[in-house]
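Written below as structure tokens is the structure these notes are about.
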Amino acid sequence: MQIGVPSEPIGESRVAITPQSTLRLVEQRHSVHVEFGAGRRAGFEDAEYVDAGAQLTSDPLPRADLVAVVGPPPPEVARRMAEGSILVGFLDPFQAADLVSVLADRRITAFAMEAIPRTTLAQSMDALSSQATAAGYHAVLMAAAATPRFFPMLMTASGTIPPVKLLVLGAGVAGLQAIATARRLGASVSAYDIRPEVREQIESLGARFVAAPVDESAAAATGYAREVSDETQRRQQDSLAAVVAESDVVVTTAQIPGSPAPLLVSREMVEGMRPGSVIVDVAAPSGGNCEVTRPGETVSHRGVTVMGPLDLPGRVAYDASQMYARNLISFLGRITAEDGSPALDFDDQIVSEACITHDGRVTHPVVRRAMGLGEAT
Amino acid sequence: MQIGVPSEPIGESRVAITPQSTLRLVEQRHSVHVEFGAGRRAGFEDAEYVDAGAQLTSDPLPRADLVAVVGPPPPEVARRMAEGSILVGFLDPFQAADLVSVLADRRITAFAMEAIPRTTLAQSMDALSSQATAAGYHAVLMAAAATPRFFPMLMTASGTIPPVKLLVLGAGVAGLQAIATARRLGASVSAYDIRPEVREQIESLGARFVAAPVDESAAAATGYAREVSDETQRRQQDSLAAVVAESDVVVTTAQIPGSPAPLLVSREMVEGMRPGSVIVDVAAPSGGNCEVTRPGETVSHRGVTVMGPLDLPGRVAYDASQMYARNLISFLGRITAEDGSPALDFDDQIVSEACITHDGRVTHPVVRRAMGLGEAT
Amino acid sequence: MTALLYLASAVAFIVGLRRLGAPSTARSGNRIAAVGMLAAIVITLVSQGILNWGIVLGGLGLGAVLGGWAALRVQMTSMPQMVAIFNGLGGIASALVAATEVVELGLVSMPAETSVSIFVSTLIGAITFSGSFMAFAKLQGILPGRPLTYPGQKLLNALIVIGIVAVAIWATVAEEPAGYWIVAGLSLLLGVMGVLPIGGADMPVVISLLNSFSGLAAAAAGFVIESNPLIIGGALVGAAGLILTFQMTEAMNRSLGNVLFAGFGTEGGGAATGPSDRPVKRATAEDAAITLGYADTVMIVPGYGLAVAQAQHATRELAEALEERGTTVHYAIHPVAGRMPGHMNVLLAEADVPYEQLLDLEQADPQFPQTDVVLILGANDVVNPSARDDPSSAIYGMPILNVDRAGTVIVVKRSLSSGFAGIDNPLFYDDKTLMFFADAKEALEQTVSALKSI
Amino acid sequence: MTALLYLASAVAFIVGLRRLGAPSTARSGNRIAAVGMLAAIVITLVSQGILNWGIVLGGLGLGAVLGGWAALRVQMTSMPQMVAIFNGLGGIASALVAATEVVELGLVSMPAETSVSIFVSTLIGAITFSGSFMAFAKLQGILPGRPLTYPGQKLLNALIVIGIVAVAIWATVAEEPAGYWIVAGLSLLLGVMGVLPIGGADMPVVISLLNSFSGLAAAAAGFVIESNPLIIGGALVGAAGLILTFQMTEAMNRSLGNVLFAGFGTEGGGAATGPSDRPVKRATAEDAAITLGYADTVMIVPGYGLAVAQAQHATRELAEALEERGTTVHYAIHPVAGRMPGHMNVLLAEADVPYEQLLDLEQADPQFPQTDVVLILGANDVVNPSARDDPSSAIYGMPILNVDRAGTVIVVKRSLSSGFAGIDNPLFYDDKTLMFFADAKEALEQTVSALKSI
Amino acid sequence: MTELVVGITVFVLAAFVGFEVISKVPPTLHTPLMSGANAISGITIIGALTAAGLGATPLAQILGFLAVATATVNVVGGFLVTDRMLEMFRSRDERRKAKE
Amino acid sequence: MTELVVGITVFVLAAFVGFEVISKVPPTLHTPLMSGANAISGITIIGALTAAGLGATPLAQILGFLAVATATVNVVGGFLVTDRMLEMFRSRDERRKAKE
Ligand SMILES: NC(=O)c1ccc[n+]([C@@H]2O[C@H](COP(=O)([O-])OP(=O)(O)OC[C@H]3O[C@@H](n4cnc5c(N)ncnc54)[C@H](OP(=O)(O)O)[C@@H]3O)[C@@H](O)[C@H]2O)c1
Ligand SMILES: NC(=O)c1ccc[n+]([C@@H]2O[C@H](COP(=O)([O-])OP(=O)(O)OC[C@H]3O[C@@H](n4cnc5c(N)ncnc54)[C@H](OP(=O)(O)O)[C@@H]3O)[C@@H](O)[C@H]2O)c1
Ligand SMILES: NC(=O)c1ccc[n+]([C@@H]2O[C@H](COP(=O)([O-])OP(=O)(O)OC[C@H]3O[C@@H](n4cnc5c(N)ncnc54)[C@H](O)[C@@H]3O)[C@@H](O)[C@H]2O)c1
Ligand SMILES: NC(=O)c1ccc[n+]([C@@H]2O[C@H](COP(=O)([O-])OP(=O)(O)OC[C@H]3O[C@@H](n4cnc5c(N)ncnc54)[C@H](O)[C@@H]3O)[C@@H](O)[C@H]2O)c1
């Protein structure tokens, strides 16, 4: 296959294919066409791609059998792709209805990385996990850099400095990584999640579990949390208020796939925190867990700094790209034959669930529903 | 004593006296006059000062027997101070000749915190150490946030991510703290210092010592390093070039009191590093250890980010202020009598060495020399 | 002079037994004891004025051939059965020595103590004989391994005991040799009946106890023929065997009474049954320590259980202890071990495990065939061979660490319950797998201290 | 019957000795042995048909009063001297038993073995007596503690030994009692001469060896009067004393030969001299384990040496082991411990020491008077009492952790050398301080495993 | 002292040695130790030898023969089988050599 | 068997018990153990009692008296002093009680 790697839009510093993964693709008899400077912002030079066997080009789209992207490309990218070709990446199909229409129009087979089922078998393609790892890690670094305090405890000739109290709300992949990173830095860490089984996982990282309502049925069969009732949300906020108030740093990561992020930290709760405290809202891309969060901005509310970064994984662009590319290649293995030609097996659960458009139709049932299309036939 | 605490100039987020230290001062029968909002940027509210027993005022200077500052105040501050009063803080007497003159003119007794001898007895007043601790810690956080890589090793379904290679050059107080912080974050840390005894200290933090020239006589009696010959500097750079080239992050902290910082990382060495690498030059305030460093700025040189922050301790303003205030109070103990009135004993080595101006004269011999004044009589 | 030579062989037994108690000296201990035995035999042949050389040498020759042949042919897995047989024969030999005395001298005008000695020797020797053969039959599968119980069993056994005592007293008082043979017969019966209600899995304990008995029988025979070496050797083994029996029941968390009289025993001992009712091999901290301590290369496979137990420090400690002994230790980190990416890295970095010792899946997997021992600490799914072998498995196709290619596998977890994927793990029932059921941290701490004493 | 009763008291000795070997059972062990001894005395009085009741009871009474008085009055610090005296008296008693036999029977037509027994008993008993009193004199300071040597010393001692053997043979052959007294005299002399060249610090080893001797003397006396209980008790103590002696020399990293013949011994043993030539009390891992294991509250004071040794993990391990035993453990962190601000925090956080256990100077200092044991790990300047007491010290006025207010202080470091400030530390020579010279990590690991066996 | 008393004394002391000689044994050694101890209990062979060697009646001789034979099986088989069990405890060096 | 052989057998066995009974002893217990063993070696008192109790000549009686007296000092003093040394090993509970 001819694999095209366009530059990502401004604001996205990751790249879908790295020089190291180019090597692998070439081994698997693909040829890789990389747009000039596509990897620059992630720390990969054009020369490294060439060394790995890629061709540099100013326009990788028209010739490509498969185009690999990180974030959802602007619709014009889809328009310039060859008809019948394949697009793989985070496509954000619920938000990007216009992109999806173009893809269907151009009979492009589009796979959304975020739609790959999170089964044991698909773990190596799980880009949501790999990027959440980066997000959780960097969120704590941001918090540490923004906090006017030491994270670790220090007993010095200039007095004893107590450790920072850090609270993680939502302990999925990103939350757990945040816990681990904060613990490494010496913070005193507590965490909370609505799914009861997470308690053990939090404790397995040496953090304290915060007693607040858990929902036995919160974990759907998929392992994701469900949306909770307003009543539950209120109870959650009540129980968390005291813990939040005495925390110096709060990192929120609670998300519900396909729905806006749950509101865990209300405006009053923020106002209850000490000035100088910091909140990093990792859930900002889906609206944020904090009422004060303005996605993409850092605001200071009554002395409390509230950050809602949208590009967290992109701030660890080098390694995040490496992991993303690995996930992508692992998925490619599912849709290519031995000789490197495309081979789509829609009986394969992973392939069929990840597919958004194919052969001119929007295939993904939930996306169809979101776009107001009827049941697929 | 009436102790005045003015707001620091823009760019300095620390404050000389914190609410906690106000408490202590009040216990010791001082009265504390804090300018409105003086602690705001460090995370201390005016109300906290009031609770601790301070008076808020819009101008603490004229009435104060002693004025406590963090950084060197603008000369007009000295001009507005009462004649014969006392000023304590980092006064940077070698750079701030005009300030010193004004102080002498107004018969102010000025003590420079950086001139307090670093003896065992004076450890609790050692603000250089306490602020270097904050600088070393925050330098690594800045580096971690700026690096497009994970610091720790991660073995995941999306591949194995090797740990970042981090090099610390100059392992004094700040350098050791940088080592410790980087090690906490999981980086693979090496370090180098010209003083041979530091090797054991580096290893006691679990880092590797880099074999490069050490100077048996480098440690002057004070425990500080001396300036080295050009020849030694060249040999140092030669031996370090290879290590620097394969490092992802370099934190430099080498300083020589009273002299510009030694040049350890040349422009070619920077160019030998991989794009995406990061250098944090903690020595920027005294010129920097890296040829590319522009003090106060972050520059990108051939893909390598070089940061030369001047306000590192201020980025941990809350705790840095707490420690600074403790140091200051500890020094105050040396210059006040039981009843809280000033009592200057110039036979006390600590007091005499810290004193810059007294009774209308510049007393500090080195400062005299730097200002072109004759030997004190 | 003879007496002193015998004393020397007794010393050889003492030294031999002592050395048998520690792995590093056990082999030499056994050999020292064997030399002592040879010496005792030679001394006896030389000093006792043997008359019937044909009988003596014939017996020696026959016994040596049979014993040697059996010992060299037996499968490693059938060792316990073999020991049972040998032990039974030793017991009956003591009874036969007493019997010979009775045949030669009758019970006429015998001092009470000799008479008591004769009956004790016969009683214990015969019980040892029939009991040991019962144990053999249970272990070999000739008899069913489960406890054989019936109503009134304990009563019947008590009656046999009373009968033996009564007949023995009568025989002594009435100076009636026939009584002797009745006692011998009843004793044989008692051995059979006593072992019946004990389950197959408890047989090692029974054999150990009967081993202690055979020592006592020898000592009793020593009282009969007034031979100090017999008394010493017999008392030694009697005492040592008893201590050993207690240690064995202790290792099983049982009491001796419970083993002998509780009428169960299908569980415990060398085997336990899992949820799938297949047997697993259990190991203790001492077993783990010995298996690890004598390995050249060890691969540690951490999993979520290590994190739950917060056993990262204890793990590094064990690894260090092994390295000090000259063992090469590496860690095989599966990409999805734990519950978050890099979970194991966080923990092991905290415990200061050098990065160089961490191998990822691609690096570790080729190592297993050359690895002596794999130590699995709270990992489950990531070492589940179904992912490789069983197309019907929910995790079929997931890359795993093929730990079953290594020499021995020790699995530390608290039970046989499943991991994240909720599926059973055939590795646990593998022949080369030892299951060490415990919290990972406690298990490791115990193993470290056990390692110090081997 | 008597013989069996004696056997019972021998069993009491065995059990008692065994229990004396472990801290938790030692007291009861001593008491069991004492009961056994009382029984043996009573049995003897009842069964031996004593004629001279006056003499016997007089001797018993006098001995009991003297012994009891001495034992209850002696200072704790003079215990070793006291033991030496008791031991010497025990030795001479055995010799006196033999002498009585000679006085009563002469040496006429005595079987060789009895004669040998008599001379052995006398020889060893007399050596024990005079040697023990020499040891006493050295310990008590009556004689100088340093080794007393002179040219030809070894030759002279050898001549005495030859003389003893020669006279003994002559006396036996010539049936000449006078020879016996010559042997006794020469033996007393040998005891004196043998101990002369051994240094005062090695006296505990000498006493232990002489203790083993007194057992042998008792056994020899047993051969003389053909008494099994004497043989058993004597052999027991002879063997146990010998093992103990070896263990003592091992704990000092010396060989027995080296102790006895090297002609030094001012160092080692309970005392060693520092650079300032003042003696310190040395401790081993076992001492540390016992001291810590029996404490209710322990305060750990880490310093730069902990960092150099990278002993943070081992520290937490020890603390956990102590907590499991019910001991309360805290850490006292001096503000300038280590070489950078927060040095100790970095290390202890890495080892996952809970923040709540860390006390800073202000919190820790008031705790020391209530603390049973302070364990100092590679700290020096921060616990130097000169900063408090000695105005001429370079660090006078620096706040320190006043560890010397606690019950016992254990200092772990590699030598007596100074810390960062380069000054001597009087704490090391304090009476309540035990110096454990070792790398901190190794020391802690050893202590943890020693803790398991107490 | 009578033989009986001597016997009892010797028995008690030997039993103590037996108790003391077995300190905490690792479970992996339980079977070999049992087997080795069992071989030592074959010391009854010296009684069997005497009985067989001096037996006057045919019955005594037969019983003696059986005693010698069974005791010898116990002794020879016992020590050999123990030695085989202990193969795995050969030292690292021995094993390295054996591997070559 | 002669008395001598019995004596030797008993001696050897008892010595083995003595060797085995002392496993690795912590150094803090060295002195108390030595002292306790020393008291046990005072068993020579039963020889002394016999000698003193049956001595016919005055010299024998004097020597016997001395033997009894010295042996008794050893026994009584030895056990008592050992007990005092072992005070510190009273169990945690005993000490807690004693403190109250
Ligand atoms: N790494 C990731 O990112 C990630 C994320 C989500 C899910 N997963 C999944 O998680 C699984 C990870 O595999 P794994 O082998 O690490 O773990 P696992 O398959 O979940 O097994 C963990 C085992 O540890 C044992 N255990 C629990 N607590 C213990 C303790 N205190 N001491 C000793 N053992 C203990 C449990 O057995 P007992 O109860 O018998 O003790 C359990 O079987 C995979 O299925 C993976 O797909 C991974
Ligand atoms: N904290 C700071 O910011 C800072 C900065 C600069 C200077 N200082 C100074 O450093 C000193 C700190 O006091 P401190 O008590 O922590 O340390 P210290 O006084 O320097 O003493 C450390 C001791 O550790 C022992 N040691 C070294 N390696 C060891 C090992 N492997 N195992 C066991 N022991 C070992 C050394 O004795 P052996 O050689 O006998 O083993 C040494 O005496 C103070 O004087 C302080 O003023 C502190
Ligand atoms: N099968 C696999 O091997 C596999 C692979 C990857 C992830 N997973 C699992 O999937 C799950 C979800 O992972 P994710 O991080 O992508 O989830 P996510 O990003 O959707 O959500 C993050 C966390 O927020 C929590 N949350 C949602 N609503 C909440 C509320 N109201 N209050 C508090 N917390 C709330 C969720 O429980 C979740 O833990 C995890 O348990 C993860 O282990 C499994
Ligand atoms: N007496 C005390 O208790 C006390 C208190 C505080 C600090 N100190 C000691 O004072 C010393 C200096 O502390 P600092 O951090 O303020 O020093 P600093 O900030 O002046 O210098 C930082 C480090 O740079 C190193 N350096 C200088 N020139 C170099 C060159 N050409 N190449 C490589 N490295 C070079 C120095 O050796 C020093 O370690 C430290 O050793 C510290 O431990 C002692």
Side-chain angles (χ1 to χ4, degrees), chain A residues 13-14 20-21 40-45 48 122-127 129-131 133-134 137-138 141-142 144-152 154 156-159 161 164 177 180-181 183-186 248 274-277 303 314-327 330, chain B residues 13-14 20-21 40-45 48 122-127 129-131 133-134 137-138 141-142 144-152 154 156-159 161-162 164 177 180-181 184-186 248 274-277 303 314-327 330:
Chain A
S13 44
R14 289 168 292 176
Q20 284 88 332
S21 47
R40 176 76 48 79
R41 266 168 295 157
F44 303 104
E45 296 292 295
E48 294 179 69
Q123 278 174 323
S124 59
M125 315 163 197
D126 186 352
S129 279
S130 68
Q131 303 308 299
T133 301
Y137 166 75
H138 203 272
L141 288 184
M142 279 183 78
T147 307
R149 295 181 165 231
F150 280 100
F151 264 38
L154 291 178
T156 76
S158 314
I161 293 162
V164 134
Q177 195 67 46
T181 308
R183 286 259 309 148
R184 283 186 193 263
L185 273 172
D248 302 304
R274 269 186 297 269
S277 302
R315 296 180 182 218
V316 202
Y318 184 94
D319 283 330
S321 302
Q322 294 281 31
M323 295 201 288
Y324 182 78
R326 280 266 217 159
N327 298 141
S330 181
Chain B
S13 43
R14 290 168 290 177
Q20 284 88 332
S21 48
R40 175 78 48 79
R41 267 168 293 156
F44 303 103
E45 297 292 297
E48 294 178 70
Q123 277 175 324
S124 59
M125 315 164 198
D126 185 352
S129 279
S130 68
Q131 305 307 300
T133 300
Y137 166 75
H138 203 270
L141 288 183
M142 279 183 79
T147 306
R149 296 180 164 231
F150 280 100
F151 264 38
L154 291 178
T156 75
S158 314
I161 293 163
V164 135
Q177 196 67 47
T181 308
R184 282 186 193 263
L185 273 172
D248 302 305
R274 270 186 298 269
S277 301
R315 296 182 181 215
V316 201
Y318 185 93
D319 283 331
S321 301
Q322 294 279 32
M323 295 201 289
Y324 181 78
R326 279 265 217 160
N327 298 140
S330 181

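This is a predicted model, so every value here is computed, not measured.
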On a heavy-atom basis, which atom in [X] and which in [Y] lie closest, and how many Å separate them?
| X | Y | result |
| --- | --- | --- |
| A:Phe151 | B:Tyr137 | N-OH, 2.9 Å |
| B:Phe150 | A:Val316 | N-CG1, 3.7 Å |
| A:Pro275 | B:Glu45 | CG-CG, 3.5 Å |

Separation between [atom1] of [X] and [atom2] of [Y], rounded to the nearest 0.5 Å:
| X | Y | atom1 | atom2 | result |
| --- | --- | --- | --- | --- |
| B:Met323 | A:Leu154 | CE | CG | 7.0 Å |
| B:Arg149 | A:Ser321 | CZ | OG | 11.5 Å |
| A:Asp319 | B:Thr156 | CG | OG1 | 10.0 Å |
| B:Thr133 | A:Ile161 | OG1 | CD1 | 8.0 Å |

Under a 4.5 Å cutoff for heavy-atom pairs, which residue among [options] has the most contacts with chain A?
| options | answer |
| --- | --- |
| B:Ala325, B:Pro148, B:Gly314, B:Ala146 | B:Pro148 |
| B:Ser130, B:Ser330, B:Gly159, B:Gly43 | B:Gly159 |
| B:Ser129, B:Ala320, B:Ala144 | B:Ala144 |
| B:Pro152, B:Ala42, B:Gly276 | B:Pro152 |

Side chain, backbone, both or neither: which part of [X] has an atom under 4.5 Å from a heavy atom of chain B?
| X | result |
| --- | --- |
| A:Ser124 | both |
| A:Ala134 | both |
| A:Phe44 | neither |
| A:Gln20 | neither |

Review point. Who among A:Arg183, A:Gln123, A:Gln322, A:His138 has the most heavy-atom pairs with chain B under 4.5 Å?
Key: A:His138

Practice item. Return the option, out of A:Ala145, A:Gly186, A:Ser13, with the maximum number of heavy-atom pairs under 4.5 Å with chain B. Key: A:Ala145

